[in-house]
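Numbers for residues simply follow the sequence, beginning at 1.
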Amino acid sequence: MNNKVIKSVGIDIGTSTTKLMMSDLTLGRVSSQFALPHFDIIERKVTYVSEIISTPLINEEEIDLTQLVAWLEKEYLQAGLTISDIQSGAVIITGETAIKKNADALIHYLSERAGDFVVAIAGASLEAVLAGRGSGSYEHSMKSKGIVANIDIGGGTANVVLFQQGKILETITFHVGGRLIEINPSGKVLSISPSIRPWLFSKNLQLEKGRLLSLTDLTKISTALAVDMLDCLAGKRSIHSLDLLVHSSSCEALPRIDEVMISGGVGQLTLAGPPSSIEEAAKYNDFGPLLATSINQKLIDYHFQVIKPLQTSRATVIGAGMQTTKISGATISIQANRLPLRNIPVIKISLSVEEIERNLLIGKEMFGSNERLPFAIGLSGSVYLTYEKMKDLSLVIGTLYHKYFPRSEILVIVCENDMAKALGQALQLQFAFDVICIDQINIGHGDYIDIGEPLTETIVPVVVKTLAFRGESNENKNNFA
């Protein structure tokens with residue numbers, strides 16, 4: 001395959017702001033001519049960056065879908081692209097926006113209208129990973145000997161990812177954000193997010209809608225927030241002891257962090273000077289400037305080395321649009337007329353007959369209501385199989401799948417090693433249902449996948465969404481199989 005350029009878009013709909021970025025991704029072969037074909041992104045180029053707008057809301061509980069779609073259409077027009085031009089990317093609904101009453105409806109609405117292969121995803125840990133890639137923390141960790149933390153602070157949450165030499169170690173998310181408390185220029189409290197109320201109560205910080213706050217009052221709150229979060233990251237306080245402030249975490253205790261980057265909207269504000277009046281502090285109708293100032297002032301009390309990020313407020317959208325795409329696989333077996341497929345849950349199985357049947361039964365219990373395509377089967381490991389063993393495996397999988405899902409017309413299998421073509425062909429020879437069998441894709445229990453229309457005869461785009469709609473994501477991976 002000659003080098004191929006695809007259009008990618010990233011859309012970040014956050015608590016405070018919404019932004020969009022488009023890029024060109026160049027696909028090329030990175031393996032030698034004597035090896036199995038392996039493809040990767042060999043060049044990434046940003047082609048369009050939108051203005052940053054305030055996330056449109058109907059009220060405190062609902063996103064303004066009509067206004068968002070109108071903005072999206074305007075940005076596509078200005079970029080000179082149509083929806084059909086887009087083949088990769090992500091729509092990320094983050095922070096407090098992800099828990100709005102109509103967030104799920106917005107996710108699915110935009111996933112169908114943002115582009116042919118744009119995928120709507122949400123989740124605090126996933127946002128942390130994307131922001132870490134977009135800010136430059138991931139690349140910096142490749143050159144660093146220590147552990148690098150990216151702290152992405154937006155309007156509703158602070159999403160933290162820990163990298164070590166390019167490997168994701170842990171993620172943790174805090175109820176720390178600039179828009180958790182909204183105020184007007186005179187210091188009057190306009191709203192308080194429910195997510196921060198338990199922590200405020202525990203600190204005996206009396207705060208009610210309509211109350212007038214001074215610069216000193218707000219500074220006391222922002223400083224307490226900054227100290228609790230930084231104490232946790234520095235190991236001075238346990239994650240368990242801060243359960244009112246910790247939204248979610250991938251671990252019980254964090255390893256020692258050596259370097260930190262701060263991205264997000266509040267990260268951008270850390271580059272500015274401290275506000276000198278309540279009017280200046282409230283210029284965005286929130287306490288983001290004061291939170292940024294408190295974090296800046298308190299960081300010097302900790303052992304962290306602070307590294308300047310490459311991106312701040314646009315880190316997540318850049319990560320969504322560019323940094324998550326990989327290319328792999330040429331030994332696939334597909335039915336092109338069945339593609340694209342979206343939001344397919346994954347059941348991961350091992351290769352013993354007993355385990356295959358047990359896991360298919362688990363899948364039937366969890367996802368059996370969709371009889372046409374209940375789930376994809378994930379085969380893990382890199383065990384070499386002879387052709388005879390491959391035929392035996394296909395017979396076991398096909399027989400059990402047909403037994404438990406007799407009305408299904410399609411079987412999707414995702415392999416981690418290079419066996420998809422042989423396995424897919426063996427299944428098609430023995431069974432009547434259509435088979436989509438792809439390889440070189442890493443998946444896990446609870447993941448969801450999207451499989452796009454073929455880019456060539458041997459490459460299809462695949463997005464693995466880790467707990468995409470459950471708010472506990474660990475990683476998002478765009479691949480090509």
Side-chain angles (χ1 to χ4, degrees), residues 14-17 19 52 54 95-96 131 135-137 149-160 174-193 196 199-200 203-207 211-234 236-237 242 245 257 259-316:
T15 304
S16 303
T17 60
K19 70 279 294 185
I52 298 177
S54 296
E96 296 280 289
S135 71
S137 292
N150 192 79
I151 310 170
D152 189 76
I153 313 171
T157 55
N159 305 299
V160 185
F174 299 91
H175 293 299
V176 175
R179 197 159 281 252
L180 294 176
I181 302 170
E182 295 185 47
I183 54 175
N184 69 11
S186 65
K188 181 180 179 180
V189 177
L190 303 177
S191 70
I192 307 161
S193 170
I196 198 66
W199 178 85
L200 288 168
K203 294 289 184 180
N204 199 29
L205 295 168
Q206 303 300 321
L207 204 60
R211 180 181 172 184
L212 279 176
L213 297 177
S214 66
L215 190 64
T216 302
D217 294 330
L218 279 172
T219 299
K220 181 180 179 181
I221 295 170
S222 64
T223 300
L225 266 180
V227 167
D228 275 5
M229 179 180 72
L230 293 173
D231 274 357
C232 183
L233 294 176
K236 294 184 177 182
R237 298 277 304 276
L242 288 169
L245 196 63
I257 296 168
E259 299 173 294
V260 299
M261 283 190 189
I262 303 177
S263 62
V266 173
Q268 176 69 31
L269 293 173
T270 62
L271 305 177
S276 57
S277 65
I278 190 67
E279 291 84 3
E280 191 176 338
K283 63 182 177 180
Y284 301 113
N285 277 3
D286 59 34
F287 81 132
L290 274 176
L291 179 60
T293 297
S294 295
I295 290 170
N296 255 351
Q297 292 175 344
K298 288 299 176 181
L299 270 171
I300 61 175
D301 297 334
Y302 298 85
H303 68 270
F304 310 128
Q305 182 180 356
V306 181
I307 309 297
K308 185 178 180 180
L310 299 178
Q311 292 287 339
T312 52
S313 57
R314 287 189 168 93
T316 303

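Contact annotation: the side chain of Leu225 approaches that of Trp199 to within less than 4.5 Å [non-hydrogen atoms, C-beta and beyond]. For the pair Leu233/Ile151, a side-chain contact is recorded, criterion being any heavy-atom separation below 4.5 Å from C-beta on. Residues Asn150 and Val160 are not in side-chain contact: their nearest non-hydrogen atoms beyond the backbone lie 4.5 Å or more apart. The shortest distance between side-chain heavy atoms of Pro275 and Thr293 falls below 4.5 Å. Put simply, the side chain of Met229 reaches to within 4.5 Å of the side chain of Ile153, judged on heavy atoms. Side-chain contact between Leu218 and Leu215: absent, with no pair of heavy atoms (C-beta onward) separated by less than 4.5 Å. Here the side chains of Thr223 and Lys298 are in contact, with some heavy-atom distance below 4.5 Å. Two residues are said to be in side-chain contact when any heavy atoms from C-beta on lie closer than 4.5 Å; Cys232 and Phe174 meet this criterion.
Residues that satisfy the salt bridge (Lys or Arg N to Asp or Glu O under 4.0 Å) test with Lys308, not counting sequence neighbours, are absent from this structure. Ala234 is linked by a side-chain contact (heavy atoms from CB on, under 4.5 Å) to Lys236, Tyr302, His303, Phe304, counting only residues two or more places apart in sequence or in another chain. Shown here are the salt bridge (Lys or Arg N to Asp or Glu O under 4.0 Å) partners of Glu182, two or more places apart in sequence or in another chain: Arg179. Under the salt bridge (Lys or Arg N to Asp or Glu O under 4.0 Å) criterion, Asp231 pairs with no residue at all, not counting sequence neighbours. Residues meeting the salt bridge (Lys or Arg N to Asp or Glu O under 4.0 Å) test with Arg237, sequence neighbours left out: Asp228. With sequence neighbours excluded, no residue forms a side-chain hydrogen bond (donor to acceptor under 3.5 Å, both in side chains) with Asp301.
In terms of heavy atoms, Pro309 sits closest to Ile262 at CG-O, 3.4 Å.
To the nearest 0.5 Å, atoms CG (Leu213) and CG (Leu207) are separated by 5.5 Å. Note that the NZ atom of Lys203 and the CD1 atom of Ile196 stand 10.5 Å from one another [nearest 0.5 Å]. Of the inter-residue distances, the one linking Ser186 atom OG with Glu279 atom CD reads 8.0 Å to the nearest 0.5 angstrom.
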For Leu299 and Ile295, run side-chain contact (heavy atoms from CB on, under 4.5 Å): C-alpha distance rounded to whole Å, both residues' side-chain angles, the deciding distance at 0.1 Å, then the answer.
CA-CA 6 Å; Leu299 270 171; Ile295 290 170; 4.0 Å; yes
Given Val176 and Thr157, is the side-chain contact (heavy atoms from CB on, under 4.5 Å) satisfied, shown in steps?
CA-CA 5 Å; Val176 175; Thr157 55; over 6 Å; no
Walk me through whether Gln305 and Ile307 qualify under side-chain contact (heavy atoms from CB on, under 4.5 Å).
CA-CA 6 Å; Gln305 182 180 356; Ile307 309 297; 3.9 Å; yes
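At a cut-off of 3.5 Å, with distance as the only test, no side-chain donor of Asn296 or Thr270 sits close to an acceptor on the other residue. Under 3.5 Å, the side chains of Ser294 and Ser222 contain a donor-acceptor pair of N or O atoms.
In this structure, the side chain of Asn285 does not engage the main chain of Asn184 through any donor-acceptor pair within 3.5 Å.
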